[in-house]
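Please read the structure below before turning to the comments.
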Amino acid sequence: MASIDMRNIVKKYGDGFPAVNDVSIDVQDGEFMILVGPSGCGKSTLLRMIVGLEDITSGDMMIGEKRVNDLAPRERNLAMVFQNYALYPHLSVYENIAFPLRLAKAPNAEVDEKVRAASKTLELDEHLERKPGNLSGGQRQRVAMGRAIVREADAFLFDEPLSNLDAKLRGQMRTEISRLQKKLGITTVYVTHDQTEAMTLGDRVAVLKRGVLQQLATPRELYENPGNLFVAGFIGSPPMNFLPVTVEGTAAKMPFGSVELPREKAEKAAGKGLLIAGIRPEHFEDASVKGDAPPGSTFRATVEVVEWLGNETYAYIPFEAPPEVEEQLRQLERDLDGEALHTQLVVSLDGTSRITEGEEAEIWVDGSKIHLFDPSTGENLTVDQEHAGRIVGHAMADAAEQPAAAG
Ligand SMILES: Nc1ncnc2c1ncn2[C@@H]1O[C@H](COP(=O)(O)OP(=O)(O)O)[C@@H](O)[C@H]1O
Ligand SMILES: [Mg+2]
């Protein structure tokens, strides 16, 4: 096993466009690292540079203590676990796992020992004589991992291994990969565009936007302390709400009413004029369900649509944003490949809420959970730096997209 240290990695393809722009990520020995971001942000390019399938334009790729920029893929001892498993249909599970050892002309006794050890760990013992075609998706994934295990690779690399599966199987496989990675304790880099996979699998998550690392942090840090609008909008489902806000004293004035902020937060917004407030759907509640007056603020709003899901209820409340904020939110929607953020508030209420469509309801909101963003840079002014991991990208539109001086 080994650590993987990416230092100021740049990748420019033929036309000079920086697909990966000065990215530094330190993957610790045994760590499960996620690379996440919308399509085209450079995830696969970065993974392919780790494994050696793509040249590195500048920067240092360190595996263990060794610089591997100029090593061929087979000299790097990493195992890419492919999306389609790349199993041989005519070979048994045993021979599929043994394949790299056969290629290396290992003696039979060694092959047998290693295949049996891997199959025990992967709980494939009873399937060793079967063909891949007769296995479930989860079992096939395990065979593919078995092949990586017998090679004694220093790290596993996955590129969106679950993206072609239906939702139920995806959930099962996610659990499976997480369980095996913990059991094996092997360094893993896993690429996905799915924030749920990122949140559930990663020890730490690197969020990328257009080739630039935005934040490198634990899932909890990303959720609680997103460094900028992009990370805030990407992590969490349904996504964080973004609203125009001006702060006067400790009062955050928003389209639907005024919310009391903790003093430390309010002070960070002092004199800053029009800002963007970020509030997650789950930090609202139906005031009548909430019971005895909790700390926080309530406001009245007309609910346009209600979706009852049993365990929770989503309520949609339209609002209007001034042009400065609306433009920024439209840009954010484009960056996130996402849904409309600028026109309605989405609140998640308890499933017992009796709020109905068209009703003016009393909604409670937890003012301590509000984030305040600078509308020109996207920076989170209220972030708790100590619990935010490493924040890299700030600028929403401008600075971050300029090709950085490479090298
Ligand atoms: N072989 C290539 N030649 C030129 N541009 C490429 C090539 N591969 C990827 N790109 C560009 O690099 C950027 C990042 O691509 P990629 O790493 O595949 O993104 P992701 O895996 O995050 O979807 C994209 O803008 C893509 O068009
Ligand atoms: Mg990709």
Side-chain angles (χ1 to χ4, degrees), residues 4 6-25 27 32-59 61 68-69 72-73 76 78-86 141 144 155-165 170 173-174 177 188-199 201-202 204-217 219 222 228 230-231 233-235 331-338 392-393 395-404 406-407:
I4 300 174
M6 301 168 233
R7 300 182 183 164
N8 305 103
I9 299 289
V10 175
K11 174 68 185 184
K12 290 184 180 165
Y13 283 110
D15 56 1
F17 175 78
V20 171
N21 199 346
D22 198 19
V23 167
S24 296
I25 299 173
V27 187
F32 200 139
M33 176 67 73
I34 306 276
L35 309 180
V36 73
S39 174
C41 72
K43 308 179 291 295
S44 296
T45 300
L46 203 45
L47 200 73
R48 291 167 60 80
M49 286 191 286
I50 297 173
V51 81
L53 295 171
E54 205 72 71
D55 287 340
I56 298 166
T57 306
S58 68
M61 184 67 73
V68 300
N69 288 46
R76 298 194 190 187
L78 306 173
M80 190 98 172
V81 185
F82 286 97
Q83 177 174 320
N84 52 9
Y85 317 127
Q141 177 78 57
F156 285 177
L157 308 173
F158 293 87
D159 194 349
E160 312 226 17
L162 310 183
S163 58
N164 289 345
L165 306 177
R170 201 156 59 226
M173 301 281 288
R174 204 168 65 215
I177 290 176
T188 301
V189 182
Y190 184 106
V191 161
T192 180
H193 67 271
D194 180 317
Q195 68 91 29
T196 309
E197 281 177 31
M199 293 295 276
L201 287 171
R204 284 189 300 160
V205 179
V207 184
L208 294 155
K209 179 188 131 193
R210 290 189 219 160
V212 179
L213 179 63
Q214 304 291 302
Q215 190 168 1
L216 177 62
L222 289 178
N228 62 31
F230 178 80
V231 176
F234 192 80
I235 299 290
Q331 177 61 43
L332 183 61
E333 283 162 28
R334 286 193 290 272
D335 287 342
L336 293 169
D337 282 344
V392 188
M396 270 299 293
D398 311 317
E401 260 107 66
Q402 298 303 323

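FYI, side chains are in, hydrogens and waters are out, and symmetry mates aren't considered; it's all heavy atoms of this structure. Throughout, residue positions are numbered sequentially from 1 according to the sequence presented. Treat the numbers as computed from the prediction; the structure is a model and nothing was measured. When a ligand or atom number is given, it counts from 1 through the structure's own listing order.
Taking each heavy atom of Ala206 and Leu213 in turn, the nearest pair found is CB-CD1, 3.7 Å. A pairwise comparison of heavy atoms in Gln214 and Val231 identifies CB-CG2, 3.7 Å as the closest pair.
If you look at the Mg ion (ligand 2), the protein N, O or S atoms less than 2.8 Å from it are Ser44 OG.
A salt bridge (charged side-chain N to carboxylate O under 4.0 Å, His left out) check over residues 36-51, counting only residues at least two apart or in different chains, returns the pairs Arg48-Glu54.
For CG of Asp55, the number of neighbouring non-hydrogen atoms (other residues, nucleotides, ligands) closer than 6.0 Å is 12 at most.
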One pair per line, please: each N/O atom of ligand 1 matched with every protein N/O atom under 3.5 Å away, atom names first, then the distance to 0.1 Å.
| from | atom 1 | to | atom 2 | distance (Å) |
| --- | --- | --- | --- | --- |
| ligand 1 | 8 (N) | Tyr13 | OH | 3.3 |
| ligand 1 | 17 (O) | Thr45 | N | 2.9 |
| ligand 1 | 17 (O) | Thr45 | OG1 | 2.5 |
| ligand 1 | 19 (O) | Gly42 | N | 3.3 |
| ligand 1 | 21 (O) | Ser44 | N | 2.9 |
| ligand 1 | 21 (O) | Ser44 | OG | 2.8 |
| ligand 1 | 22 (O) | Cys41 | N | 3.2 |
| ligand 1 | 22 (O) | Gly42 | N | 3.0 |
| ligand 1 | 22 (O) | Lys43 | N | 2.9 |
| ligand 1 | 22 (O) | Lys43 | NZ | 2.9 |
| ligand 1 | 23 (O) | Gly40 | N | 2.7 |

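With Ile9 as the fixed residue, the side chain to side chain contact (heavy atoms under 4.5 Å, CB included) test singles out one of Asp22, Ile56, Ile25, Asn21: Ile56.
From Leu78, atom CG reaches atom CD1 of Ile50 across 8.0 Å, with rounding to the nearest 0.5 Å. The distance from the CE atom of Met80 to the CG atom of Leu53 is 6.5 Å, given to the nearest 0.5 Å.
The backbone N or O of Val36 sits nowhere less than 3.5 Å from a side-chain atom of Thr192 that would complete a donor-acceptor pair.
For Thr45, the side chain to side chain contact (heavy atoms under 4.5 Å, CB included) partners two or more places apart in sequence, or in a different chain, are Lys11, Tyr13, Ala19, Val20, Met49.
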